[in-house]
Student: 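Below is a structure I'd like to ask you about.
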Amino acid sequence: MADQTLAKYVNELRILTMLRMEGQATRADIARRLRLTPATITRLINGLVRRGLVADVPEPPSAGLLRERGRPGVSVALNPEGGYFLGVEIGVGLLRYALIDLCANAVNTMELRVSRSIAPESAQKTVADHLTQLKHDIRFHGKIHSLCVTVPGLVNGKGHVVNTPILGWRDVDLLTLIKDAVNLPTYVENNANAAAFGSIYTHPDISGACTVYLKIGTGCGGAAIVDGRLLRGSNGMAGEFGHIRVADKGPLCNCGQPGCLETFVGLRGLARSYYGTDALSDAEFAALPEVIVANAESGDRAAVEAIEQFRRYLSLGIISLVNIFNPTTVMLGGSSRPVIAKCLAEIQQIVADSIVFGMTVPDIKMSAHGNLECVIGAATVAHHHAFDIAWNDLTNHKDGS
């Protein structure tokens, strides 16, 4: 009985994942795609319909021929309103929230300014209060399945924040702290991991065998996704790409070492390059990328040189990552997006000219979600844990229900 229950659960996830990735399909198509019997598919889909997770919909006109006896074909599709998933981004001086539906579309977002040095307990209360407000909304009442919280720092596989220097947190059991307050399945993730995962999860058409992601802003975080899975390392903390050594000397990084990529491409590095100091206010840091780009376009030599230094060191970091991972795609995001966009074409050419000869040149592009990349990514992590199975596992299971 336990084996049958597990098979039923896995096959339901396979159906939901197929519909999310490929769109609506007939029961016959689903049976063929997943190598399940028509009877099994009928039982599973009827159960999903009763739970409000999928619905019958008319086939699109492009489906062509009418079915037997002149009846129009009927397909199965995800019901967007069947469930919701909350993402929370705890950043420097802000909290962002994003609620996504069962189709992984954002339906509710919010940004809240908080203390730059917000304590974990204050973050816990703020998150719980926001979730309570959402639960009182008739659209979402009883349908929020889970949530994921991200932080800009080291998070181990158990949801424990090992160290996040930007927030001043160390050795915080954030998973337990949030779970105790919300009474929902909860996950904690590094912010760059979440952003990378979300960029692929919400755009399956751009997924490849390997994607490398860099989030460049206050710091420089990163992640690698291989065959649809985050590359986590031995205890869940892989992806600290900001600590690639790109120089023998330089400002000391938060990690205590000189020459890290983060010290040259992060906002403090940009400020030192442009102003000669990193003693800026939060508002000045937030405006810095757009200020530098605007001034460079007006002919400000210091701004042009700041962008050139940014481009040079970011290219060095990407070259190393491409040589190590051989990715199909390199995605770039973070609050430094205006500067990245300004020099993206040059970065693409430098990387193409500098990686190991014979290595495939990756597609280097901007991430799609802008300032919401981390928080939407967090929501997709929650969605994935609740109603998804790895894409490569879709057709690797035998019939069962």
Side-chain angles (χ1 to χ4, degrees), residues 5-6 8-10 12-13 16 47-48 50-53 78-91 94-112 114-115 118-153 155-162 164 167 169 171-191 193-194 197-198 201 236 372 374-389:
T5 300
L6 177 60
K8 177 176 180 290
Y9 170 72
V10 170
E12 285 178 342
L13 293 187
L16 293 172
L48 293 172
R50 285 193 296 271
R51 290 156 59 191
L53 299 177
L78 290 181
N79 174 19
E81 299 176 359
Y84 298 93
F85 311 86
L86 179 63
V88 182
E89 176 189 358
I90 302 176
L94 61 83
L95 270 77
R96 290 192 178 105
Y97 302 96
L99 196 70
I100 64 172
D101 62 22
L102 194 58
C103 294
N105 297 314
V107 296
N108 184 282
T109 62
M110 176 181 171
E111 180 173 307
L112 178 67
V114 297
S115 168
I118 186 171
E121 293 76 15
S122 297
Q124 174 204 44
K125 183 180 185 306
T126 306
V127 171
D129 289 346
H130 183 75
L131 183 60
T132 298
Q133 292 177 10
L134 289 174
K135 287 180 176 179
H136 287 159
D137 188 318
I138 191 171
R139 295 171 297 170
F140 314 129
H141 181 71
K143 294 183 179 181
I144 301 177
H145 289 273
S146 55
L147 75 155
C148 176
V149 180
T150 71
V151 295
V155 180
N156 68 20
K158 298 180 180 179
H160 199 97
V161 178
V162 178
T164 173
L167 294 178
W169 296 7
D171 193 26
V172 176
D173 187 1
L174 187 60
L175 179 61
T176 299
L177 198 64
I178 299 295
K179 283 181 68 174
D180 287 348
V182 302
N183 194 31
L184 279 177
T186 303
Y187 310 92
V188 176
E189 187 61 84
N190 166 270
N191 62 351
N193 276 354
F197 186 78
Y201 198 81
L372 297 175
C374 290
V375 69
I376 288 179
T380 65
V381 170
H383 185 293
H384 167 69
H385 281 289
F387 288 116
D388 186 69
I389 192 167

Student: Which heavy atom of L177 sits nearest a heavy atom of P120, and at what distance?
Tutor: CD2-O, 3.6 Å
Student: Between K8 and E12, is there a salt bridge with N-O shorter than 4.0 Å?
Tutor: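 Here E12 pairs with K8 in a salt bridge, since their nearest N and O are under 4.0 Å apart.
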Student: How many angstroms lie between CD1 in I376 and OG1 in T109, if you round to the nearest 0.5 Å?
Tutor: 7.5 Å
Student: With heavy-atom distances below 4.5 Å as the criterion, would you say the side chains of F140 and V107 are in contact?
Tutor: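 Answer yes - side chains close enough.
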Student: Show me the pairs that pass side chain to side chain donor-acceptor pair (under 3.5 Å) and involve residues 78-91, at least two apart or across chains.
Tutor: E89-R96
Student: What residues, two or more places apart in sequence or in another chain, satisfy side-chain contact (heavy atoms from CB on, under 4.5 Å) together with D173?
Tutor: H160, L175, T176
Student: Go through the structure and list residues passing side chain to side chain donor-acceptor pair (under 3.5 Å) with N190, not counting sequence neighbours.
Tutor: none
Student: Taking atom CG of L102 and atom NZ of K143, what is their separation to the nearest 0.5 Å?
Tutor: 10.5 Å
Student: To the nearest 0.5 Å, what is the distance between SG on C374 and CG on N193?
Tutor: 10.0 Å
Student: Going by the rule side-chain contact (heavy atoms from CB on, under 4.5 Å), which residues pair with K135 if we only count those two or more places apart in sequence or in a different chain?
Tutor: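 With sequence neighbours excluded, K135 shows a side-chain contact (heavy atoms from CB on, under 4.5 Å) to L131, I144, L184, given in chain and number order.
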Student: Identify the heavy atoms of S146 and A386 that sit nearest to each other, and give their distance.
Tutor: OG-CB, 4.2 Å
Student: At their closest point, which heavy atom of A378 faces which heavy atom of G87, and how far apart are they?
Tutor: CB-CA, 3.8 Å
Student: Apply side-chain contact (heavy atoms from CB on, under 4.5 Å) to the pair D129 and K125, showing each step before the final yes or no.
Tutor: CA-CA 6 Å; D129 289 346; K125 183 180 185 306; 2.8 Å; yes
Student: Y187 vs V155, test: side-chain contact (heavy atoms from CB on, under 4.5 Å). Steps then yes/no.
Tutor: CA-CA 11 Å; Y187 310 92; V155 180; over 6 Å; no
Student: According to side-chain contact (heavy atoms from CB on, under 4.5 Å), who are the partners of H145, at least two apart in sequence or on a separate chain?
Tutor: F85, F387
Student: Starting at CD1 of I100, measure out to CG of L86 and round the result to the nearest 0.5 Å.
Tutor: 9.5 Å
Student: Return the NZ to CG distance between K179 and L174, rounded to the nearest 0.5 Å.
Tutor: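 Nearest 0.5 Å value for the NZ-CG distance: 12.0 Å.
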Student: Walk me through whether V127 and L147 qualify under side-chain contact (heavy atoms from CB on, under 4.5 Å).
Tutor: CA-CA 10 Å; V127 171; L147 75 155; 4.0 Å; yes
Student: To the nearest 0.5 Å, how far apart are CG in L53 and CG in L78?
Tutor: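 Taking CG in L53 and CG in L78, the distance rounds to 8.5 Å.
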Student: side-chain contact (heavy atoms from CB on, under 4.5 Å), that's the test. Do L95 and I118 meet it? Break it down for me.
Tutor: CA-CA 10 Å; L95 270 77; I118 186 171; 3.9 Å; yes
Student: For the residue pair L167 and P152, what are the closest heavy atoms and their distance?
Tutor: CD1-CD, 3.7 Å
Student: Does any N or O in the side chain of T164 come within less than 3.5 Å of the main-chain N or O of W169, such that one atom is a donor and the other an acceptor?
Tutor: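 It does not hold such a pair.
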Student: I'd like to check the ring pair (Phe, Tyr, Trp, His ring centres under 6.0 Å) partners of F197; sequence neighbours left out, ordered by chain and number.
Tutor: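 So F197 forms a ring pair (Phe, Tyr, Trp, His ring centres under 6.0 Å) with Y201, H384.
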Student: Looking at every non-hydrogen atom in both residues, tell me the closest pair between E189 and A194 and how far apart they are.
Tutor: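 Scanning both residues completely, I find the closest heavy atoms to be CG-N, 3.9 Å.
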